[in-house]
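Report on the following structure.
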Amino acid sequence: MDANAGFDPWSPQFVADPYPGYARLRAAGRVHWYGPSRQWLVPHHEDVRTLLRDRRLGRTYLHRFSHEEFGRTAPPAAHEPFYVLNGHGLLDLEPPDHTRIRRLVSKAFTPRTVENLAPVVARLARELVDDLLAAGGGDLIGAVAEPLPVAVIAEMLGIPAADRRLLRPWSAAICGMYELNPDEESARNAVRASLDFSAYLRELIADRRARPGDDLISALVLAHDEGERLTEQEMVSTCVLLLNAGHEATVNTTGNGWWALFRHPGQLAALRADPGLLPGAIEELMRYDTLLQLFERWVLDDIEIAGTVIPRGSEVALLFGSANRDPARFPAPDRLDVTRTDNPHLSLGAGIHYCLGAPLARLELLASFGELLRRVPGLRLVAEPEWKPGFVIRGLRELLVEC
């Protein structure tokens, strides 16, 4: 049987439950060619973990090769605004540019900075749960999961409160291009959002250059003026990445995590009975239903996996969702266990592209889950949710609950 027969990232059934398909991939071998996306699928935890740190792979190849030298076709000219925006952000840069920009941005995510944000995050979570209780329930994603991280990262960057409603639609359109083989409509939406988001941020950067404040955009402008060699495009791309990545992980972990807990009432009861389990439970929820199912890398120099040579110019798809359910690394991997302690999940990546905002995401998740567990003990599901069509960034459309 074809090992890829159960892997269909465009199927709603597969998106709803990809894990049996992953089990078949792992059983069939360590690496598989997948023709529809022209990628090599890597499903095992140890291989994914190792390749995330392997410098023979990169998020881009343009720091070493032209499109022609790498055997690839340049993106259509009409898509250029998206690729310019995306290509100057941390996630798609390699050293030395990645090192230079990450060093600057990481100053905003030090343990002390995140610790200082804790009262703000706690207050926002409390207010959002207040509103949910007052309404008697609603969509947990729209009411709590989305507004909390958007407000936090927007506050860090200095986005005015009146403009924050613009961020989520722009982000959703741009992230549509991270799916496998995005269609032309998705590309058009991403290009439009890239142009609008970039224009908005250029205006904001100009304003902060004239009137600096106590925010990250002002800090990036100051660093540029002091000779840190950060171009305006790099500033724009960095802000977009922080805004997008700064809430996608939290939104999907919150929605997917509560859906998992509702399906495992014994685990939910254990968590309500012992709040001390919450930090470990957050890690388990990230592992159990992975927020980012797949992470792509270009092969810059030939690599070999289990006797299969993957040549330069190829693309590998590191299957985080499969790696996090690998029985070779996790006992009883298909069981949700909020008491699990040995939990080296890969949901936030590894190596130089490890999620810069991981401490902030954990702070936000602890705050929102903690408020809901403590103050809404009767929280219950109203209807079984539907998954959004995307597979790479996998999340629910909504999660309807009653208090």
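- Side-chain atoms of Arg297 and Gln39 form no donor-acceptor pair, as typed in the model, at a separation below 3.5 Å.
- Without hydrogens or angle criteria, Ser37 side chain to Leu180 main chain gives no donor-acceptor distance under 3.5 Å.
- In this structure, the side chain of Arg30 does not engage the main chain of Pro43 through any donor-acceptor pair within 3.5 Å.
- Side-chain atoms of Arg397 never come within 3.5 Å of backbone atoms of Glu386 as a donor-acceptor pair (strictly under, hydrogens ignored).
- The main-chain N or O of Phe391 is found under 3.5 Å from a side-chain atom of Glu179 such that the two form a donor-acceptor pair.
- Under the 3.5 Å distance criterion, with hydrogens and angles disregarded, a donor-acceptor pair is assigned to the side chains of Glu184 and His79.
- Judged by the 6.0 Å and 45° rule, Arg340 forms no cation-pi pair with Phe330.
- Contact record, Val31 with Ile305: CG1-O, 3.9 Å, taken as the closest heavy-atom pair.
- Counting heavy-atom neighbours within 6.0 Å of Asn181 CG, excluding the residue itself, gives a total above 12.
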Next item on the list: I would like to know whether Tyr22 and Tyr19 meet ring pair (Phe, Tyr, Trp, His ring centres under 6.0 Å); could you show each step before the answer?
Entry: CA-CA 5 Å; Tyr22 290 153; Tyr19 300 106; 5.8 Å; yes

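- Nearest approach of Arg380 to Cys403, heavy atoms of both residues: NH1-C, 3.8 Å.
- For the residue pair Ser186 / Asn189, no side-chain donor-acceptor distance below 3.5 Å is found, with atom types taken as modelled.
- When atom types are taken as modelled, the side chain of Asp139 and the backbone of Leu400 share no donor-acceptor pair closer than 3.5 angstrom.
- More than 12 heavy atoms of other residues, nucleotides or ligands lie within 6.0 Å of CD in Glu127, so this atom counts as buried by the packing criterion.
- For Arg287 and Phe320, the positive end is not near the middle of the six-membered ring at less than 6.0 Å and at most 45° from its axis.
- Within the 4.5 Å cutoff, no side-chain heavy atoms of Arg394 are placed close to those of Asn252.
- Checking side-chain atoms of Arg164 against main-chain N and O of Pro147 turns up no donor-acceptor pair under 3.5 Å.
- No donor-acceptor distance shorter than 3.5 angstrom exists from the side chain of Arg202 to the backbone of Val236, with no hydrogens or angles considered.
- More than 12 heavy atoms of other residues, nucleotides or ligands shown are found within 6.0 angstrom of CD on Glu304.
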Item checked: Criterion side-chain contact (heavy atoms from CB on, under 4.5 Å) on Glu94 and Arg55, from CA distance to verdict -> CA-CA 10 Å; Glu94 292 295 317; Arg55 301 307 304 140; 2.4 Å; yes

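- Annotation for Glu46: atom CD counts as buried by contact number, over 12 foreign heavy atoms lying within 6.0 Å.
- One side chain, Gln233 or Ser237, offers a donor N or O that lies under 3.5 Å from an acceptor on the other.
- Relative orientation of the Phe70 and Trp298 rings is perpendicular, given thresholds of 30° and 60° on the angle between their planes.
- Using a distance-only test at 3.5 Å, with no hydrogens or angles considered, a donor-acceptor pair links the side chain of Ser198 to the main chain of Ser194.
- Nearest heavy atom pair, residue Asp97 against residue Arg100, reads OD1-NH2, 3.0 Å.
- Under the 3.5 Å distance criterion, the side-chain polar atoms of Arg126 are left unmatched by any main-chain donor or acceptor of Ala367.
- Separation of the Phe7 and His32 ring centroids does not fall under the 6.0 Å cut-off.
- Atom CZ of Arg64 has more than 12 heavy atoms from other residues, nucleotides or ligands within 6.0 Å.
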